[in-house]
Number of protein chains: 2
Amino acid sequence: MRPKSLEKEEAIRTMALQIIAKEGLENLSMQKLAKAANISPRTIYLKYENKEDFLIKLFIEEVLGNYESAILEDFSPTMDFTEGVKKIWMNAFQYLKNNKPSFALIKYGKSSPLLNKAYQQKNIKQGDYFSPIHNFLELNITAGIIKNFPHDVLRALLNAPLIDLVSEYFDYLDRPQQIITEEMLTECCESVIKGLLK
Amino acid sequence: MRPKSLEKEEAIRTMALQIIAKEGLENLSMQKLAKAANISPRTIYLKYENKEDFLIKLFIEEVLGNYESAILEDFSPTMDFTEGVKKIWMNAFQYLKNNKPSFALIKYGKSSPLLNKAYQQKNIKQGDYFSPIHNFLELNITAGIIKNFPHDVLRALLNAPLIDLVSEYFDYLDRPQQIITEEMLTECCESVIKGLLK
DNA sequence: CAAATATAAGTAAACGTTTATTTATTTAAT
DNA sequence: ATTAAATAAATAAACGTTTACTTATATTTG
């Protein structure tokens, strides 16, 4: 029998992210995607049930999966709070800087009802109790190092500014001078940390 | 001659926001919108050039316009920094809490290339120099009260966590206990402020 | 060790439906 | 009677998905 072509699978995902980044999720169609990936529309349906199934798997497996791996590199829940948060911020910045199409879909994760639902179900399924970041926050709360906010709140305070700053980074790529440098990001990170320390 | 019906104009905008909030911007079509607003598709085109024109005007005029008015209520650029930021946060929370459909489109403002482009052009057009918030930040920087970050950076640090916390508020509406209360939001606001003070 | 077979991978072209938008007509108020 | 507002119905193009067919390879056969 004929073996599955991994390149085609990859072309589908890569081109989908490119179209989403350039034209928006609203303008991604299966036929457009097939043409961009240089395959027949039917081929997509050999690998995915339908458009929803494809988008959810693209978002959860490809985009969020890789993003989570990237931000946790060299990170440990037992790190000092300041060092740990800085590590995550810098990992995220480096990864997103070099993966603009993935970042485009990450941003849709908060707005699109389809993706948002998928994300919440994923978090509920995993119980969120095995996540190194969860442990990291828990350790620092019980040690009395940071304020005792619920985890969802801490995540909003720690993560949201970072995502917005990466957005600014990409916006500033079209302007004469980039303001979102690694130094600027470090300073911002320190501000966020300072706010959370007891 | 027959006068324009303001109710129809309003129905179009209201129903559009409802569809976007429930099904996502991806699933808003002109025909679906017309049916929901109980009018002919053609009627939308009497008031807007095309779909893009409609979405941009809905976003800029209706949603962002009302949002900006709401957050600036009883705010003054000469307020004490802590008081000013708290005022803006609470105004935003009260407004968004009661305008979930508008909030849905605000979130798309960062992800959808169409809306994002419109937003940036609006900001560039206005020069951003007349905004009370701009003046507020400028005053507090020059007075040496807060760190000297670029305005876009300050906006990310001040605004992004708030938007994420409002998202959490809506997510928690489906759960037994709401964690995003006004008290919680005040504490979060204080954390953010603490991080920015010199 | 070729040639034949089996079978999943892949395609081209089509399906009925929905899309954004328009044409031709009717309606309502001055 | 006039005129813009509003509509019902239609347009071509694009949509998600499927049908019917071809291709490529791993395995079986002679």
Side-chain angles (χ1 to χ4, degrees), chain A residues 1-62 105 108 112-115 117-118, chain B residues 1-62 105 108 112-115 117-118:
Chain A
M1 93 175 187
R2 192 172 170 178
K4 247 186 210 180
S5 162
L6 283 174
E7 306 137 39
K8 289 186 183 185
E9 168 82 55
E10 208 192 306
I12 292 170
R13 298 194 171 206
T14 305
M15 293 316 295
L17 291 177
Q18 277 187 30
I19 291 171
I20 292 166
K22 212 172 281 180
E23 306 175 40
L25 188 56
E26 315 85 275
N27 295 307
L28 175 75
S29 82
M30 299 304 258
Q31 298 188 118
K32 194 191 273 184
L33 172 55
K35 192 169 269 184
N38 214 25
I39 52 158
S40 156
R42 184 74 238 270
T43 304
I44 306 173
Y45 289 88
L46 296 172
K47 297 157 198 291
Y48 305 96
E49 256 189 61
N50 48 42
K51 192 181 181 182
E52 270 202 28
D53 179 50
F54 168 62
L55 286 177
I56 289 174
K57 282 181 177 151
L58 180 70
F59 178 55
I60 300 285
E61 294 170 13
E62 177 91 9
L105 193 54
Y108 270 105
S112 155
L114 173 69
L115 299 184
K117 206 180 128 199
Chain B
M1 89 175 183
R2 194 172 170 179
K4 247 187 213 183
S5 159
L6 282 175
E7 307 137 39
K8 292 189 182 181
E9 168 83 54
E10 207 192 308
I12 293 170
R13 297 194 173 207
T14 305
M15 293 317 296
L17 291 177
Q18 278 187 28
I19 292 171
I20 292 166
K22 212 172 280 180
E23 306 175 42
L25 188 57
E26 314 85 276
N27 294 308
L28 175 75
S29 82
M30 299 304 259
Q31 298 188 120
K32 194 190 274 185
L33 172 57
K35 192 171 269 183
N38 214 22
I39 52 155
S40 156
R42 186 70 239 270
T43 304
I44 306 172
Y45 289 90
L46 296 172
K47 297 157 198 294
Y48 305 96
E49 253 188 60
N50 49 40
K51 192 180 181 182
E52 270 201 26
D53 178 50
F54 168 62
L55 286 176
I56 289 174
K57 281 180 178 152
L58 180 71
F59 178 55
I60 300 286
E61 294 170 12
E62 177 91 8
L105 193 54
Y108 271 105
S112 157
L114 173 67
L115 299 184
K117 206 181 127 198

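Order of the sequence lines sets the chain letters (A, B, ...), proteins ahead of strands, with each chain counted from 1. Just so you know, these numbers come straight off a predicted model, no measurement behind them.
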Are there more than 12 heavy atoms of other residues, nucleotides or ligands under 6.0 Å from atom CD of B/Glu61?
yes

Check whether A/Tyr108 reaches the backbone of A/Leu115 with its side chain - one donor and one acceptor, N or O, closer than 3.5 Å.
no

Tell me whether A/Lys32 contacts the main-chain N or O of A/Asn27 through its side chain, where contact means a donor paired with an acceptor under 3.5 Å.
yes

Close side-chain approach of A/Leu28 and A/Glu23, heavy atoms under 4.5 Å:
no

Tell me, please, the opening and closing nucleotides of DNA chain D, 5' to 3', among those with an atom under 4.0 angstrom from a non-hydrogen atom of chain A.
D/dC15 to D/dA26

Would you indicate what [X] reaches in the nucleic acid, counting non-hydrogen atoms under 4.0 angstrom: base, sugar-phosphate, or nothing?
{"X": "A/Ser29", "answer": "sugar-phosphate"}
{"X": "B/Leu33", "answer": "nothing"}
{"X": "B/Ile44", "answer": "nothing"}
{"X": "A/Lys8", "answer": "sugar-phosphate"}

Let me spell it out: for each of B/Pro41 and B/Arg2, pick the nucleotide of DNA chain D with the closest heavy atom. Which residue's pick is nearer the 5' end?
B/Arg2

Starting at atom [atom1] of [X], determine the distance to atom [atom2] of [N], rounded to an integer number of angstrom.
{"X": "B/Glu52", "N": "C/dT21", "atom1": "CD", "atom2": "P", "value": "9 Å"}
{"X": "B/Glu26", "N": "C/dT19", "atom1": "CD", "atom2": "P", "value": "13 Å"}
{"X": "A/Ile12", "N": "C/dA9", "atom1": "CD1", "atom2": "P", "value": "13 Å"}
{"X": "A/Met30", "N": "C/dT11", "atom1": "CE", "atom2": "C1'", "value": "16 Å"}
{"X": "B/Leu46", "N": "C/dT21", "atom1": "CG", "atom2": "C1'", "value": "12 Å"}
{"X": "A/Lys51", "N": "C/dT18", "atom1": "NZ", "atom2": "P", "value": "15 Å"}

Considering only heavy side-chain atoms of A/Arg42, the closest of C/dG10, C/dA12, C/dT23 is C/dA12

OP1 or OP2 of C/dG10 less than 4.0 angstrom from a side-chain nitrogen or oxygen of A/Lys47, does that happen here?
yes

Please test B/Glu10 against B/Glu7 for side chain to side chain contact (heavy atoms under 4.5 Å, CB included), starting from the C-alpha separation and ending with a verdict.
CA-CA 5 Å; B/Glu10 207 192 308; B/Glu7 307 137 39; 5.7 Å; no

Passing option when B/Tyr48 is tested against B/Asp53, B/Thr43, B/Leu55 for side-chain contact (heavy atoms from CB on, under 4.5 Å):
B/Asp53

For B/Asn27 and for A/Ser5, find the nucleotide of DNA chain C with the closest heavy atom, then tell me which residue's nucleotide is more 5'.
A/Ser5

Do you know the tightest heavy-atom contact between B/Ile12 and B/Lys47?
CD1-CD, 3.9 Å

